[in-house]
S.K.: 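Handing you this structure, nothing more for now.
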Amino acid sequence: MNSNPPVEPNKSSDKKRRYLTAEKKFQIYLEAQASDKPVGELLRREGLYSTDLARIRQQVREGALQRLGAKPGRQPDPVSTEAYEAIKHELQEKERTLADLSVELAILRKKRMGFVGPIAGQWLNEQTKLEILTVIEIPQSQGVSARRSCSLLAIQHRRIVRWQQRAAQDRAWPT
């Protein structure tokens, strides 16, 4: 049979990790700095190792240097996450509104150019095509898709894509 005794679980792994508050760490730091008691007694009482004390000393030093290195004057208050999310949501709403207004502006420009309905089957000169491309690119830079702009302007998207390709190649503008 099995001659080995049963293995007991390691009791140190069952311990829960203990977290010290900043105030408690500073209290331990001050007690360790006092020379009236041995440091080993403090470590035993608090259940700490010497490396824990070294880490606390380093944290106190870094915190002091950071605080002492700060520029004088009133520091800005950090923004709460709720306020940040509210501002972010408001910005997104304003960007959507701006994009919608860009599309409306594009429609008004199209009307100003003399196009009220669909332009299918009409021959357009190069300058007019460039103006229409500009009218579509402005809302696109604001986040509105070219397809949406084309549908609002009553222009086929594939026609705009062809114009953009030809403009990029600096070729002639056939209809």
S.K.: Assess, by modelled atom type and distance only, whether the side chains of Q58 and E62 contain a donor and an acceptor separated by less than 3.5 Å.
M.R.: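 Per modelled atom types, Q58 and E62 side chains form a pair under 3.5 Å.
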S.K.: Hey, could you give me the CG/CG distance between L53 and L42, rounded to the nearest 0.5 Å?
M.R.: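 The CG atom of L53 sits 7.0 Å away from the CG atom of L42.
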S.K.: So how far is it from K25 NZ to L30 CG, rounded to the nearest 0.5 Å?
M.R.: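 Going from the NZ atom of K25 to the CG atom of L30 covers 14.5 Å.
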S.K.: Kindly give the heavy-atom pair with the smallest separation between I56 and Y29, and that separation in Å.
M.R.: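 Nearest pair, atom of I56 first, then Y29: CG2-CB, 4.1 Å.
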S.K.: Just verifying a value: how many Å separate R55 CZ and L48 CG, rounded to the nearest 0.5 Å?
M.R.: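 Here the interatomic distance stands at 9.5 Å.
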S.K.: In plain terms, say whether E41 and R45 are close enough for a salt bridge, that is, a side-chain N and a carboxylate O under 4.0 Å apart.
M.R.: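 No salt bridge links E41 with R45.
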S.K.: Please examine the side chains of R57 and V60, heavy atoms only from C-beta on, and report whether any two atoms are closer than 4.5 Å.
M.R.: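 SC-SC contact between V60 and R57 ruled out.
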S.K.: Measuring from atom CG of L133 to atom CD of Q164, what distance do you get when rounded to the nearest 0.5 angstrom?
M.R.: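 The distance works out to 5.5 Å.
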S.K.: Measuring from atom CD of E90 to atom CD of E93, what distance do you get when rounded to the nearest 0.5 angstrom?
M.R.: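 Reported value, rounded in 0.5 Å steps: 9.5 Å.
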S.K.: Let me check something: do V39 and L20 share a hydrophobic cluster, defined by ILVMFWY side-chain heavy atoms less than 4.5 Å apart, either directly or through other members?
M.R.: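 Yes, because V39 and L20 connect within a single hydrophobic cluster, where side-chain heavy atoms sit under 4.5 Å apart.
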S.K.: Working to the nearest 0.5 Å, report the span between CG of L91 and NE2 of H89.
M.R.: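 These two atoms lie 11.0 Å from each other.
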